[in-house]
Amino acid sequence: MATTTKKPSLAVFKFASCDGYQLTLLDCEDELLAIADRVDIANFLEASSAVSEGPYDITLVEGSVTTAHDAERLREIREQSKVLITIGACATAGGIQALRNFADVEEYTRIVYATPDYISTLRTSTAIADHVPVDFELRGCPIDKRVLLEVVSSLLAGRSPRVRSHSVCIECKRRGTVCVMVSRGTPCLGPVTHAGCGALCPSYDRGCFGCFGPQETPNPASLNSWLDLGDRDLVRIYRTFNADAKAFKEVSTAHERKDR
Ligand code: SF4
Ligand code: SF4
């Protein structure tokens, strides 16, 4: 009699985010069907109404932690997950909503909401790894679907994911794109930004604005010496989707102090 092997279970959970990362997974289309054939989708509300209790073999988490309830729910998800992967800038670096970490969040709620007393929020937006152990982090706003597929398929095959940690500049050189900074003086964060997008922006003749967050060994001080920008603009370019990522946070905070 033939024996059936149980498929690994896959769960996808969302915290504070725009859902763009889950949409990247849905955008995989043909590949998603192949993945769906290899796993039991236990929880993925954008793809299926079927919801199963844990434990889960592979859990993908998008979004940042912005409420006490988020933090508690995340701990429960971690307990139920063998492998937990964060997907995207919100989950790996707090996202654009981490701009609150440099401001007065109570002032924001007073300005934005008619009845701020109803708002229950933390003063910060923080990465998933600030709260629970994370097995793998996928960067980008949004993530690149090829990298996502590589990580999920490598886990299913039982091998290590082949994901590069060098800078966008290396990808730029590999595809033969003319450097926008050298040729036209366009500010570009490619030298300090994590690879993964295939150097998309320079290929369209514009500078990188760092949506994949810092690369493994960034040297923003060196890059800044080549950028013809004042302290205020330097703060601004490092404070976008990955403002709370350690390397970007340190450099923006240093230039904010100089600007005072
Ligand atoms: S365009 Fe930007 S990413 Fe490409 S080589 Fe120049 S500095 Fe690096
Ligand atoms: S070039 Fe930079 S800003 Fe553009 S997609 Fe890649 S990492 Fe993001």
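Whatever order the structure lists ligands and atoms in, that order sets their numbers, starting from 1.
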When you look for heavy atoms under 4.0 Å from ligand 2, do you find them on the side chain of P202, its backbone, both, or neither? side chain
Check for me whether V180 has a heavy atom closer than 4.0 Å to any atom of ligand 1. yes
Under the side chain to side chain donor-acceptor pair (under 3.5 Å) rule, what do N224 and Y238 come out as? Steps first, then yes or no, please. CA-CA 11 Å; N224 295 349; Y238 286 105; 2.8 Å; yes
For ligand 2, which atoms, with element, lie under 4.0 Å from some heavy atom of C197? 1 (S), 5 (S), 6 (Fe), 7 (S)
Within a distance under 4.0 Å of any heavy atom of G190, pick out the atoms of ligand 1 and give their elements. 3 (S)
What protein heavy atom sits nearest atom 8 (Fe) of ligand 1, and how far away is it? C169 SG, 2.3 Å
Restricting to N/O/S atoms, is C208 within less than 2.8 Å of atom 2 (Fe) of ligand 2 or not? yes
Counting only heavy atoms, tell me which of A195, C211, G207 gets closest to atom 5 (S) of ligand 2. C211
Looking only at protein heavy atoms, what sits closest to atom 4 (Fe) of ligand 1 is C172 SG, 2.4 Å
of all protein heavy atoms, closest to atom 6 (Fe) of ligand 1 is C179 SG, 2.3 Å
Can you tell me if an N/O/S atom from C201 lies under 2.8 Å from atom 4 (Fe) of ligand 2? yes
Taking only heavy atoms of F212, which atoms of ligand 2 are found under 4.0 Å from at least one of them? 7 (S)
May I ask you to check if R239 and F102 form a cation-pi contact, with NZ or CZ under 6.0 angstrom from the six-membered ring centre and within 45° of the axis? yes
Polar side-chain atom of D135 near backbone of L84 as donor-acceptor pair, under 3.5 Å: yes
Below 4.0 Å from ligand 1: does a non-hydrogen atom of P191 turn up there or not? yes
Apply side chain to side chain donor-acceptor pair (under 3.5 Å) to residues S165 and Q215 and explain how you reach the verdict. CA-CA 6 Å; S165 57; Q215 53 120 321; over 6 Å; no
